[in-house]
Amino acid sequence: MKNCEVISADFFNVSPLTVARQLLGCLLVRVLEGERLVGRIVETEAYGDLGDPACHVIARDRRIWGLLSGPPGRLYLHRSYRFALLNIVCEPPGVPGCVLVRAVEPISGLATMARLRRGAKALTNGPARLVEAFAIAEDWDSSPLPRPEFWLEADEPPSADRILNTVRIGLKRGRELPWRFAVRDNPWVSKRIRENALVEVEL
DNA sequence: AAGCGGATCGTCT
DNA sequence: GACGATCCGCTTG
């Protein structure tokens with residue numbers, strides 16, 4: 001994929017593990033009142049692939065199951081506590097799966113992001129924080145990418161030796177699976193790194 | 001720097 | 001009535 005190319009549905013027509021890794025380095029672009037907010041993806045997690053214990057929680061909801069099993073490239077705004085978390089549906093139709101964007105490095109529009117975060121210091125180093133900083137609306141849920149005011153762009157990927165692969169964090173079920181990906185030593189990666197849980201995965 | 005408890009709300013039992 | 005794919009502020013060392 002070429003740099004600056006807008007990412008379309010076929011990018012997501014594969015395993016969430018592949019998407020989660022390939023999304024590192026890509027750009028999140030949001031046009032808000034004429035201003036471009038841009039962030040580089042530095043942390044992701046794969047969800048809902050076959051045999052995912054965390055997926056069984058999701059599967060209880062028919063609507064969400066239908067969304068995750070539907071066509072790739074659609075937004076899934078997962079609700080946890082009072083927050084919405086940004087996911088993108090993966091896999092061909094009929095196979096459930098999605099990728100959670102956990103953290104981005106702010107590139108431009110930082111002042112606006114700070115305003116949207118209501119002055120909080122932590123701008124985009126957390127899944128709920130970045131949704132707020134990019135003014136991602138909950139009624140975008142299940143809509144396809146790209147949107148006129150929100151899309152993803154390919155950009156320089158981190159070299160393989162800078163990609164960190166660990167277990168997912170913040171959940172109770174399926175926490176042993178090494179389905180979290182992050183850019184090593186990037187200061188915008190969300191805090192709770194568990195280096196000792198580092199696992200090598202064949203992709 | 002790290003660990004805690006409370007906030008808060010839609011969905012499911 | 002209980003539970004989260006979380007965040008924030010307050011406590012310790």
Side-chain angles (χ1 to χ4, degrees), chain A residues 12 15-21 23-24 28 39 41-70 72 74-91 95-106 110 113-142 152 164-183 185-197 199 201:
Chain A
F12 300 98
S15 158
L17 287 167
T18 303
V19 175
R21 195 191 52 163
L23 233 32
L24 293 178
L28 226 59
I41 297 174
V42 295
E43 184 181 357
T44 58
E45 282 178 351
Y47 276 91
D49 206 345
L50 266 32
D52 183 1
C55 188
H56 289 215
V57 182
I58 295 163
R60 288 203 296 251
D61 189 315
R62 281 189 66 121
R63 189 195 72 82
I64 294 172
W65 184 252
L67 174 57
L68 294 183
S69 306
R74 288 188 170 169
L75 297 179
Y76 163 45
L77 296 176
H78 177 76
R79 278 199 72 97
S80 180
Y81 297 84
R82 65 182 186 285
F83 305 105
L85 313 183
L86 174 65
N87 292 256
I88 300 145
V89 177
C90 301
E91 302 271 23
V95 184
C98 66
V99 164
L100 166 70
V101 181
R102 281 197 63 89
V104 305
E105 172 183 351
L110 274 72
M113 292 181 195
R115 178 174 58 78
L116 289 164
R117 290 279 294 129
R118 282 161 285 161
K121 278 186 179 176
L123 240 45
T124 56
N125 57 338
R129 291 169 179 158
L130 72 90
V131 164
E132 229 174 42
F134 279 75
I136 292 167
E138 224 170 317
D139 59 10
W140 296 357
D141 185 54
S142 81
L152 274 63
L164 198 63
N165 176 221
T166 71
V167 297
R168 295 177 293 188
I169 58 181
L171 25 75
K172 294 221 168 116
R173 301 175 178 218
R175 51 165 44 157
E176 72 285 356
L177 296 169
W179 288 358
R180 173 173 181 243
F181 298 85
V183 178
D185 297 330
N186 187 292
W188 293 95
V189 168
S190 64
K191 286 296 176 198
R192 292 178 287 173
I193 291 272
R194 291 203 269 158
E195 290 270 3
N196 56 353
V199 187
V201 174

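If you're wondering where the values come from, they're calculated on a predicted model, not measured in any experiment. In the text below, chain A, chain B and the rest are named by the order of the sequence lines, each starting its count at 1.
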Nearest whole angstrom, please: distance from the P of dC10(C) to the NZ of Lys121(A). 13 Å
Shortest non-hydrogen separation from Ala103(A) to Trp188(A) and the atoms involved: CB-O, 3.4 Å
Could you tell me the separation between the CD1 atom of Ile169(A) and the P atom of dA5(C), rounded to a whole number of Å? 12 Å
Could you say whether Glu132(A) or Val99(A) is positioned toward the 5' end of DNA chain C, judged by the nucleotide with the nearest heavy atom to each? Val99(A)
Answer whether the closest heavy-atom distance between the side chains of Leu86(A) and Phe134(A) falls below 4.5 Å. no
Between Glu45(A) and Ala20(A) the two heavy atoms that sit nearest each other are C-CB, 4.4 Å
Among Ile88(A), Val99(A), Ile64(A), side-chain contact (heavy atoms from CB on, under 4.5 Å) partner for Tyr76(A): Ile64(A)
Phosphate OP1/OP2 of dT6(C) contacted by Arg102(A) side-chain N/O (<4.0 Å): yes
Could you walk me through whether Leu164(A) and Val183(A) pass side chain to side chain contact (heavy atoms under 4.5 Å, CB included), step by step? CA-CA 6 Å; Leu164(A) 198 63; Val183(A) 178; over 6 Å; no
Separation of Glu138(A) atom CD from dC9(B) atom C1', in whole Å? 11 Å
Which atom names give the shortest non-hydrogen contact between Val42(A) and Val189(A), and what distance separates them? O-CG2, 3.7 Å
Derivation of the side chain to side chain contact (heavy atoms under 4.5 Å, CB included) call for Ile169(A) and Arg102(A): CA-CA 10 Å; Ile169(A) 58 181; Arg102(A) 281 197 63 89; 3.6 Å; yes
Work out which heavy atom in Val89(A) is nearest to a heavy atom in Phe12(A); give both atom names and the distance. O-CB, 3.4 Å
For Tyr76(A) and dG10(B), give me the distance from atom OH to atom P, rounded to whole Å. 15 Å
Please report the distance, rounded to the nearest Å, between CZ in Arg129(A) and C1' in dA5(C). 14 Å
Hunt down any stem DNA chain B takes part in, defined as 3 or more consecutive Watson-Crick or G-U pairs whose two distances are each under 3.5 Å. B:1-7 with C:6-12, B:9-12 with C:1-4
Taken to the nearest whole Å, CZ/Arg117(A) to C1'/dC7(C) is 8 Å
Considering non-hydrogen atoms only, spot the tightest contact between Asn165(A) and Pro178(A) and give its length. ND2-O, 2.9 Å
Mind calculating the distance between CG (Leu77(A)) and P (dC9(B)) to the nearest angstrom? 18 Å
Atom CZ of Arg63(A) and atom C1' of dG10(B): how far apart are they, to the nearest Å? 12 Å
Please list each protein N or O that sits under 3.5 Å from an N or O in nucleotides 1-4 of chain C, with the distance.
| from | atom 1 | to | atom 2 | distance (Å) |
| --- | --- | --- | --- | --- |
| dG4(C) | OP2 | Lys172(A) | NZ | 2.6 |
| dG4(C) | N2 | Tyr81(A) | N | 3.4 |

